[in-house]
Amino acid sequence: MIGTLSGCGRCFPARQRASALRERVVSGTSEGPTPATELNRSAVTESENPASPGAGSAEAAEPVGSAGSVSPRSPAPPSYRSVFTAAPLAMAVVDREGMVTGANAALADLLGRDQDALTGAVAADLVDLASDARTWHAYRELLRGRRARLRCTRRLKHPEGHALWVRVTVAPLPSGDGGVLLSVADISDHRALQARLRHLRMHDPVTRLPNRTLFFERLTTALEAEPYAESGTGRIGLCYLDLDGFKAVNDTLGHRVGDQLLAAVADRLTRCAQDAGRARAGIPLVARLGGDEFALLVEDSTGTEQLADLAESLLDAIQEPFDLSGRRLKVSASIGVVERHAAGTTPTALMQAADTTLYWAKADGKARWTLFDPERNASRVTRQALVSSLRPAIDRGEFALEYQPLVGMDDDRVHGVEALIRWHHPRFGTLTPNRFISLAEEDGSIVPLGRWVLRTACRQARAWQTQHPDEPPIFVSVNVAVRQVWDSDLVADVAETLEETGLPPHLLQLELTESAVMGSSGRPLRALEALSDMGVRIAIDDFGTGYSNLAYLSRLPVSVLKLDGSFVRGFQIEDRAAKASPADEVIVEAMVQLAHRLGLTVTAECVETSAQATRLRRIGCDTGQGWLYSRPVPPDRISELLGTPGVQAGVGNP
């Protein structure tokens with residue numbers, strides 16, 4: 001009804017309302033206005049109250065008079081002073097000089113001050129607006145009329161001693177009155193709720209420890225350069241811990257017991273951190289990063305000794321048995337330890353180093369701590385770089401073959417050569433097989449690499465045969481990995497290569513390690529038998545280091561034994577005055593005689609001296625291979641050796 005608004009400020013024209021407000025503020029009859037929205041809401045509430053005079057009466061239903069006037073029978077407009085005073089929002093009117101000209105009781109109660117004492121106070125001091133330059137500048141601009149509004153959050157100290165979080169809003173009063181309205185809202189409960197929510201978000205619910213998010217937040221802060229430039233050691237340490245066999249606890253006893261174990265481990269880690277903090281300044285941060293992984297962050301560390309002592313205490317604490325709901329459990333832990341300068345280190349780099357070191361601790365046997373080793377890490381990085389570039393290197397033609405002669409013990413002539421692969425890496429230089437063959441076997445690239453070696457070696461052997469038609473043809477020996485037998489059709493590859501190159505099958509020898517050949521059955525054995533039937537010779541490399549089951553050799557299609565170099569090196573006498581022990585010679589002689597009884601020829605590896613060659617010749621060894629005759633050389637050097645009547649000591653060496 002129209003009459004219900006007769007006592008409301010909305011009946012005044014805007015200009016008359018502003019004029020009335022200014023008169024009250026300037027004359028000091030009011031302690032100050034409330035924001036327009038609050039004033040209108042309060043006025044409407046009073047006029048609509050059924051207890052108010054005229055509410056619902058006949059007089060209230062009469063029409064409103066002319067603009068700016070009120071019906072004589074309508075109630076008088078509410079006092080803006082009373083609204084300002086009774087408003088629950090803490091407010092104050094501030095002049096252009098920044099002085100409080102009026103404040104309501106809500107502000108006095110909020111700040112814990114006397115209401116009368118607020119008048120004449122510096123408004124910025126009441127709510128700490130001058131504590132930072134940006135807010136102070138914005139506030140002064142607002143007082144000068146160059147800014148429309150300012151809102152900020154402040155932490156105030158209440159006279160009773162507790163902290164108070166408030167949201168401060170400053171806005172100009174209607175034009176012409178020369179002041180601003182300061183309103184202050186208590187948001188302490190809201191901030192407390194935010195803090196509780198942040199705590200829940202930043203902490204692990206099982207162990208109550210900081211979680212991964214909070215850990216990385218602290219780690220990032222600790223690695224900033226500025227704090228270390230002012231004080232501290234400038235170093236940082238990290239213990240990255242993982243429980244050994246925790247999955248078995250979860251699988252056998254259930255996740256509830258697993259959670260109890262994690263909580264108990266967290267308690268022990270926390271106690272260790274506190275003990276370490278008492279011995280040195282600063283308590284390490286203990287966090288659960290996920291699963292059974294924990295981390296202890298040591299800021300301002302004093303060196304590796306401090307981290308080593310901490311890691312030892314952690315291992316000792318965890319190895320003590322746990323009593324969980326009547327169950328007695330015993331677990332261990334592996335710890336990766338990293339300690340370094342904070343400058344130049346990133347959170348990602350530090351965690352990668354810690355994770356790598358933890359892996360080393362587990363690989364070395366678990367239940368131990370391992371310190372980060374830059375050289376070992378560089379080797380790991382190199383390994384990863386090699387793995388990622390192996391397959392492309394085959395297509396780019398980065399591999400090459402060198403050949404080492406196999407020399408007859410009786411005539412000193414080259415009977416054959418062993419093809420040895422080299423990788424001319426653009427970054428790491430020339431690499432020998434022991435640097436990359438195991439990697440090739442792991443990722444399967446040994447199959448295409450093996451095909452390339454086989455074809456290149458057979459093509460070269462055929463070229464030597466063509467270049468030296470008057471010389472007895474030499475065979476080429478090629479190493480074959482077991483994975484080549486399983487993951488490819490080795491028999492078909494050999495047959496295709498021999499047909500393509502024109503090399504006779506008896507001039508190709510395939511070498512497999514003893515551990516790969518012994519116990520062969522199924523597909524590998526059938527492949528060896530098919531190759532032998534084809535005329536290809538099969539040799540067992542590094543014989544004597546594996547099964548050494550000579551009886552089993554009679555059931556394998558093997559034609560050559562290559563004695564491991566450790567037997568030949570046993571012939572070397574360091575002290576010329578000492579007499580050689582016959583034990584090594586007896587063992588080698590027995591293996592040579594048994595091999596000959598089985599129809600096998602014997603090649604001795606690592607022949608380096610004439611004395612070794614003489615003893616091997618006396619024992620009955622068929623061929624020798626080693627630096628006495630030649631190191632691995634390019635194909636053209638082999639051509640030079642083929643033209644000589646006999647290979648003397650070191651002839652083929654560069």
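Just so we're clear, the structure is a prediction, and the values are computed from it rather than from any experiment.
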- prompt: Taking Arg113 as the fixed residue, which of Asp109, Leu111, Leu110 is the one that meets the side-chain contact (heavy atoms from CB on, under 4.5 Å) rule?
  reply: Leu111
From Leu289, Ile318, Leu209, residue fulfilling side-chain contact (heavy atoms from CB on, under 4.5 Å) relative to Phe294: Leu209
Using only atom types and a distance under 3.5 Å, with no angle test, would you say the side chain of [X] pairs donor to acceptor with the backbone of [Y]?
X      : Y      : value
Asn104 : Leu89  : yes
Thr169 : Ser183 : no
Arg383 : Leu439 : no
Gln115 : Ala103 : yes
Thr221 : Glu217 : yes
Thr233 : Ser301 : yes
His137 : Ala133 : no

Are [X] and [Y] packed together at the side-chain level, in the sense that at least one heavy-atom pair is separated by less than 4.5 angstrom?
X      : Y      : value
Asn377 : Phe372 : yes
Leu315 : Trp369 : yes
Val127 : Tyr139 : no
Phe215 : Leu238 : yes
Leu262 : Asp292 : yes
Phe216 : Met351 : yes
Arg201 : Arg198 : yes

More than 12 heavy atoms from other groups under 6.0 Å of [atom1] on [X]:
X      : atom1 : result
Tyr359 : OH    : no
Arg208 : CZ    : no
Asp323 : CG    : yes
Arg391 : CZ    : yes

- prompt: Quick one: salt bridge (charged side-chain N to carboxylate O under 4.0 Å, His left out) pairs with a partner in residues 253-276, sequence neighbours left out?
  reply: Asp275-Arg278
statement: So the salt bridge (charged side-chain N to carboxylate O under 4.0 Å, His left out) pairs with at least one residue in residues 361-370 (sequence neighbours excluded) are Asp242-Lys362, Asp244-Lys362, Asp364-Arg376
If you look at every heavy atom in [X] and [Y], which pair is closest and at what distance?
X      : Y      : result
Trp165 : Asp186 : O-OD1, 3.2 Å
Val338 : Ala353 : CG2-C, 3.8 Å
Pro347 : Thr220 : CG-OG1, 3.7 Å
Cys152 : Leu129 : SG-CD2, 3.7 Å
Arg427 : Ala385 : NH1-CB, 4.1 Å
Gly234 : Asp300 : N-OD1, 4.0 Å

field: Interatomic distance, Glu293 atom CD to Ser334 atom OG [nearest 0.5 angstrom]
entry: 11.5 Å
- request: Assess the side chains of Arg154 and Thr135: does a donor N or O sit below 3.5 Å from an acceptor N or O?
  value: yes
- line: Sorted by chain and number, sequence neighbours left out, side-chain contact (heavy atoms from CB on, under 4.5 Å) with Met99 holds for Asp95, Glu97, Val122
task: Anything under 30° is parallel, anything over 60° is perpendicular, the rest tilted; go ahead and classify His162 against His158.
output: parallel
Salt bridge (charged side-chain N to carboxylate O under 4.0 Å, His left out), paired with Glu141, selected from Arg146, Arg96, Arg147, Arg134: Arg146
